[in-house]
Number of protein chains: 2
Amino acid sequence: MTRRLAEVAKKVGVSEATVSRVLNGKPGVSEATREAVLTALDVLGYERPTQLRGDRARLVGLVLPELQNPIFPAFAEVVGGALAQQGFTSLLCTRTVGGVSEADYVDLLLQQQVSGVVFAGGFYAQADAPHQHYELIQERKLPTVLVNAAVDHLGFPQVSSDDYVAAEMAIGHLRALGHLRIGMVLGPRDHIPSRRKLEAYLAADEADPKLVEHTMFSLEGGHAAATRLVNSGVTGIVCASDILALGAIRAVRRAGLSVPGDVSVIGYDDSAMMNCTDPPLTTVRQPIDAMGRAAVDMLVALIERAVVPADELLFEPELVVRASTARARI
Amino acid sequence: MTRRLAEVAKKVGVSEATVSRVLNGKPGVSEATREAVLTALDVLGYERPTQLRGDRARLVGLVLPELQNPIFPAFAEVVGGALAQQGFTSLLCTRTVGGVSEADYVDLLLQQQVSGVVFAGGFYAQADAPHQHYELIQERKLPTVLVNAAVDHLGFPQVSSDDYVAAEMAIGHLRALGHLRIGMVLGPRDHIPSRRKLEAYLAADEADPKLVEHTMFSLEGGHAAATRLVNSGVTGIVCASDILALGAIRAVRRAGLSVPGDVSVIGYDDSAMMNCTDPPLTTVRQPIDAMGRAAVDMLVALIERAVVPADELLFEPELVVRASTARARI
DNA sequence: CCTAATCACGCAAGAATTTGCAAGCACTTG
DNA sequence: CAAGTGCTTGCAAATTCTTGCGTGATTAGG
């Protein structure tokens, strides 16, 4: 009696196979039969199994590492808006210093019976960070989408901007301006997007591994790293975030040089207000709008049990030339 | 016979194992069975343990209007951190265009059985906005703290920065620099903090009601309002947010004038990166760190049933002089 | 009227999910 | 600290769903 398909099948007088095909919109069922099955489905109150259970449904977790870098609030707005349009409510979770960890948030979200989770800039992007909590998610089969490069042994669908191309663009721009000693300020060594950017750097002609600095994603980190680069005599600095770039600009000035007169600086993200900075920052824009939408689309598809390939959707970044880069001094 | 699992299992006709899995939200239980178990739980009068009910809470909602203005993410970090230190987890809720409203979030938070709510920049600050959802909160006696000036018929404790003093400081600074025609760009007319700033303005000697503009809190709003003021020949503009100020700077430049050469501009908030703008923005800092902590302290006190006076805790803002203000041209 | 093409459908293999058993863990009690 | 109680969990069995393939029916063409 609990054989749901069988029950419906009997009621309509068809085989389970046919009911299954109707349920999955498969071809090979006549219109008349389809109707009949659909009606019986309604009559018997059969509901397709779905992730959307109970009243706790329609909640989606959005896990971000911080809010200092304006790219994350911006991303939160895009994702929140897109989710709202699809009838979902987003719960924003941010790691805080000495506070709640990513794993804690995962517990919380599981407990709140969320329908899905979007991670951006999480531990999955760092090779040496703990990853057990992702396994927990997989175990529970909770629909999940990751934003920007993850370590590869996790089987979640991903939406990323193409770090390799982004770095190529930045380096290419500086080379076109005649820069020969180009330095790079990246995030931590185990940070996958930074690794990808590094690859692009090392593939370039002017590459010099000694001109690559790894640091925290903070203004101060950028400052410190850029100071070392300036001392090594670079004339161009490619940074892995806009915040790092602002730190780099400060470092260049602290060294008594000017941006872009003596040293050109390129950021990454194109977060808000980078056109109001001094100088307006040349940067590589992540198409966060498109990415956020794509992530939400994928997530909703997952929630509705559609099959989504667990691979990476790569978005093309865009070079935004403002005034922090200029022709190299000879 | 306190074997809850066994009893429930028997009632539903499943094994203890299955009941256990339902109770822990584990996967591998069909929706129908889950439902049945949950119902039996209710029928037998058992508390649905911790997950969907009860004290599991230690959850606090933080409701913000937007994330575009960096002051809000910054505030979220402060409050989130302070809450984490006290063992609470914060749920960040942001209104999104065409998406979830403040009232929706209140429903959600009530449903999630949060221990308390912190509102910042919400509808309570606008006289003409709907306020019914606050009544709902009061009815449920849910501990709540409001940040920055509210309409006064709501009886919640508040933590605010002193808008009157802030405006006085800004105006005083411009007067000291010799400015005689000072304009003001404020938020909507029904926005209480803006009204308080307006009061301070009207009390000043140079006050001219025709030089007060009301607008949306956006760069574009600031731009439009400031354009009108520049056309009226002001030499100083006091803005009600840093974003408005950036818009104002853009407007001054669009008019072919310079900041601070021809027109001085003062912001409000001192949000992140305002020292990286061109020119670095003179602004009045809200002590968000202290305010956030105070709000959390009050909230925690409320949650622990302490008596907290339902009045307004005023914080003194601080003038941060950078380079967007200068001596007036004679 | 026969042959071929097409389509709907069921059979049954097999994929996936659900469930109970029983071992094991955590905690309490004598 | 052993025994007991109540809950959790790994695993295999049972159940339920999906899908490739073949059958039969219906129709079109010859």
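Every heavy atom of this structure was used, including side-chain atoms; hydrogens, water molecules and symmetry mates were not. Letters go in sequence order (proteins before strands), and every chain restarts at 1. Because the structure is a prediction, the values reported are computed rather than measured.
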Which nucleotide sits closest to the side chain of A:L5: C:dT19, C:dT17, D:dC17?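 The nucleotide sitting nearest to the side chain is D:dC17.
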Side chain of B:S30 only, heavy atoms from C-beta on: which candidate in C:dT19, C:dG20, C:dG10 is closest?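 Closest nucleotide to the B:S30 side chain: C:dT19.
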Let me know the distance between [atom1] of [X] and [atom2] of [N], rounded to the nearest Å.
| X | N | atom1 | atom2 | value |
| --- | --- | --- | --- | --- |
| A:K141 | C:dA15 | NZ | C1' | 13 Å |
| A:E31 | C:dC7 | CD | C1' | 14 Å |
| A:L41 | D:dC17 | CG | C1' | 14 Å |
| A:L23 | D:dT18 | CG | P | 6 Å |

Not counting sequence neighbours, which residues clear side-chain contact (heavy atoms from CB on, under 4.5 Å) with [X]? List them please.
| X | result |
| --- | --- |
| B:V78 | B:I288, B:D289 |
| B:E304 | B:V300 |
| A:T215 | A:V185, A:A225, A:L244 |

With sequence neighbours excluded, residues passing side chain to side chain donor-acceptor pair (under 3.5 Å) with B:D297: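 Here the qualifying residues are B:Q86.
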Which residues satisfy the side chain to side chain donor-acceptor pair (under 3.5 Å) test with A:T89, sequence neighbours excluded?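 Result, side chain to side chain donor-acceptor pair (under 3.5 Å) vs A:T89: none returned.
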Using only heavy-atom distances, determine whether the side chains of B:D42 and B:T39 contain a donor-acceptor pair under 3.5 Å.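 Absent: no donor and acceptor within the cut-off.
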Taking any heavy-atom pair under 4.0 Å as a contact, classify A:V19: base, sugar-phosphate, or nothing.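 No contact at all - A:V19 keeps every heavy atom at 4.0 Å or more from the nucleic acid.
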Table of protein N/O atoms under 3.5 Å from nucleotides 9-11 of chain D N/O atoms:
| from | atom 1 | to | atom 2 | distance (Å) |
| --- | --- | --- | --- | --- |
| D:dT9 | OP2 | B:K26 | NZ | 2.3 |

